[in-house]
Colleague: 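Below: one structure in structure tokens.
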Amino acid sequence: ALMWRPLLLLALALGLGHGHQLGVTSLRPQVGSSPTHHSAFACALWPHSHVPRSLQFGAHRSARATMCAQPADTPERKVDKISPRLITSRLTNADSYSAILDVYKRNGSSFGPINVAAAWNQLGKARATGSERAAFFSQEESVLLQLLQHTLRAIPRLDARGIANACYGMAKLRFAPASATMRLLGAEAIPRLSEFEAQGLANTVWAFATFGTPVPQLFEAIARESEQHIGSF
């Protein structure tokens, strides 16, 4: 047991000092990351003397070498660290499904609540035929589900405009798995409707009516709140 302590400390020091070489900047999976990043960290903590004999000799040695090899530096593996404001600018300038999701793939770890809402809003605005949308859902379903998970974590920090924009974009995109997330957004909106502008209230009502997501309490609450904005519609 004692012989492990200096080896572990050395491996951790190397990992902290040269995380970019090991491909380990965080133990939390990020968009665009792969299991190879984490296997590299495992190899740093796995001294050769403790590797099973089946992996030390013969053809298995090359298998271990492959598992612990430095991952190639590919464009898909790079994740830019940029400000939320610049991310929003890039999303606004993206005019297609693929361009919008590319921003998320490259910058997902830097996305804040405003970026999550902007991503859905832009996806809703992108023009596509029904067949193009279906192909997009088929090809990028896993990334869209990641974006939904990101949205769930961001809900408590979304402002009124962000809630309205996210709901509007999801309804325009018509990505069926987003229905459950929209219900949670609706529940979050009810006690905060006084923060909504008239346009946000209108967009939220339209989104839930179009998506077919029933949230009766939300409609009733918006109807009451709309009386305060009657001159703004």
Side-chain angles (χ1 to χ4, degrees), residues 23-38 74-126 128 133 135-190 192 195-196 200 203-204 207-208 210-211 213 215 218:
V24 182
T25 55
S26 171
L27 293 182
R28 181 178 298 175
Q30 300 176 351
V31 174
S33 68
S34 73
T36 309
H37 287 74
H38 307 290
T74 62
E76 294 77 15
R77 201 176 297 278
K78 292 180 180 177
V79 179
D80 296 341
K81 291 288 186 179
I82 60 176
S83 69
R85 180 176 296 182
L86 182 54
I87 291 175
T88 297
S89 175
R90 291 184 178 182
L91 287 169
T92 302
N93 291 327
D95 58 358
S96 67
Y97 289 151
S98 59
I100 295 164
L101 275 198
D102 185 61
V103 176
Y104 181 64
K105 290 175 182 178
R106 294 186 62 86
N107 311 116
S109 62
S110 300
F111 262 50
I114 189 174
N115 305 133
V116 170
W120 288 113
N121 194 37
Q122 287 301 111
L123 285 169
K125 291 179 179 179
R133 183 181 295 109
F136 171 66
F137 290 164
S138 176
Q139 295 168 5
E140 300 289 3
E141 181 180 20
S142 62
V143 180
L144 288 169
L145 292 176
Q146 288 181 49
L147 182 57
L148 279 178
Q149 289 296 319
H150 205 142
T151 305
L152 289 173
R153 296 192 297 271
I155 285 177
R157 295 178 292 141
L158 283 172
D159 60 13
R161 183 177 181 181
I163 293 173
N165 284 346
C167 291
Y168 183 79
M170 289 178 186
K172 289 276 288 183
L173 185 63
R174 298 197 293 276
F175 182 54
S179 179
T181 304
M182 279 194 65
R183 288 192 183 92
L184 293 176
L185 285 166
E188 179 71 19
I190 291 174
R192 299 171 54 189
E195 303 171 21
F196 281 63
N203 286 350
T204 302
F208 280 89
T210 299
F211 208 111
T213 304
V215 187
L218 176 63

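Note that the coordinates shown come from a computational prediction; the quantities given were computed from them, not determined experimentally.
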Colleague: Once rounded to the nearest 0.5 Å, what's the spacing between atom CD1 of Ile190 and atom CG of Leu218?
Modeller: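 The CG atom of Leu218 is 5.0 Å from CD1 of Ile190, to the nearest 0.5 Å.
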Colleague: Determine whether Leu185 and Thr204 make a side-chain contact, defined as any pair of heavy atoms from C-beta on separated by less than 4.5 Å.
Modeller: no
Colleague: Run through Phe136, Tyr104, Phe137, Phe175 and flag the one making a ring-ring contact (aromatic ring centres under 6.0 Å, His included) with Tyr97.
Modeller: Phe136
Colleague: Checking Asn115 side chain against Pro84 main chain: does a donor-acceptor pair fall under 3.5 Å?
Modeller: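 Pair found, side chain donor or acceptor close to backbone of Pro84.
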Colleague: CZ of Phe208 to SG of Cys167: how many Å apart, nearest 0.5 Å?
Modeller: 4.0 Å
Colleague: Does Leu144 CG have over 12 foreign heavy atoms under 6.0 Å away?
Modeller: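 Counting neighbours around CG of Leu144, more than 12 heavy atoms of other residues, nucleotides or ligands fall under 6.0 Å, so yes.
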Colleague: Which pair of non-hydrogen atoms, one from Ala189 and one from Ile163, has the smallest distance, and what is that distance?
Modeller: CB-CG2, 4.1 Å
Colleague: Between the main-chain N or O of Ser98 and the side-chain N or O of Asp102, is there a donor-acceptor pair closer than 3.5 Å?
Modeller: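 No; judged by distance alone, with no hydrogens or angles, the pair does not exist.
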Colleague: Please report the closest heavy-atom contact between Ala171 and Ala207, naming both atoms and the distance.
Modeller: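 It is CB-O, 3.4 Å.
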Colleague: To the nearest 0.5 Å, what is the distance between CG on Leu147 and OG on Ser142?
Modeller: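 Result: 11.5 Å between the selected atoms.
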Colleague: Determine whether Trp120 and Thr151 make a side-chain contact, defined as any pair of heavy atoms from C-beta on separated by less than 4.5 Å.
Modeller: yes
Colleague: So which heavy atom on Pro113 is nearest to which on Ala154, and how close?
Modeller: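 Of all heavy-atom pairs spanning Pro113 and Ala154, the closest is CA-CB, 4.1 Å.
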Colleague: Rounded to the nearest 0.5 Å, what separates atom CG in Leu173 from atom CG in Asn121?
Modeller: 11.5 Å
Colleague: Kindly determine whether Leu148 and Met170 satisfy side-chain contact (heavy atoms from CB on, under 4.5 Å), including the steps that lead there.
Modeller: CA-CA 10 Å; Leu148 279 178; Met170 289 178 186; 4.0 Å; yes
Colleague: Measuring from Leu91:CG to Lys125:NZ, what's the distance to the nearest 0.5 Å?
Modeller: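 Here the interatomic distance stands at 11.0 Å.
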Colleague: From Arg183 CZ over to Thr213 OG1, what is the distance, rounded to the nearest 0.5 angstrom?
Modeller: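 Spacing of CZ (Arg183) from OG1 (Thr213) equals 5.5 Å.
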Colleague: Please evaluate residues Leu123 and Lys172 with respect to the criterion side-chain contact (heavy atoms from CB on, under 4.5 Å), reporting the C-alpha separation (whole Å), side-chain torsions for both, the decisive distance (0.1 Å), and the verdict.
Modeller: CA-CA 8 Å; Leu123 285 169; Lys172 289 276 288 183; over 6 Å; no
Colleague: Once the angle between the rings of His150 and Phe111 is folded into 0 to 90°, is it parallel (under 30°), tilted (30 to 60°) or perpendicular (over 60°)?
Modeller: tilted
Colleague: If we only count heavy atoms from C-beta on, is the Ser110 to Ile87 side-chain gap below 4.5 Å?
Modeller: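 The answer is yes; the side chains approach within 4.5 Å.
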Colleague: On a heavy-atom basis, which atom in Gly162 and which in Ala117 lie closest, and how many Å separate them?
Modeller: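 Taking every non-hydrogen atom into account, O-CB, 3.4 Å.
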Colleague: Start with the C-alpha distance between Arg90 and Asn107, add both sets of side-chain angles, then the distance that settles side-chain contact (heavy atoms from CB on, under 4.5 Å), and finish with yes or no.
Modeller: CA-CA 10 Å; Arg90 291 184 178 182; Asn107 311 116; 3.9 Å; yes
Colleague: Find out whether Thr181 and Gln149 are in side-chain contact, i.e. whether some heavy atom of one side chain is under 4.5 Å from a heavy atom of the other.
Modeller: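 In short, these two side chains do not touch, never coming nearer than 4.5 Å.
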Colleague: Check whether any side-chain heavy atom of Phe196 lies under 4.5 Å from a side-chain heavy atom of Arg161, and answer yes or no.
Modeller: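 Not in contact.
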Colleague: Before you tell me yes or no, could you show the steps for Glu140 and Lys105 under salt bridge (Lys or Arg N to Asp or Glu O under 4.0 Å), namely the whole-Å CA-CA distance, both residues' side-chain angles and the distance that decides it to 0.1 Å?
Modeller: CA-CA 11 Å; Glu140 300 289 3; Lys105 290 175 182 178; 3.1 Å; yes
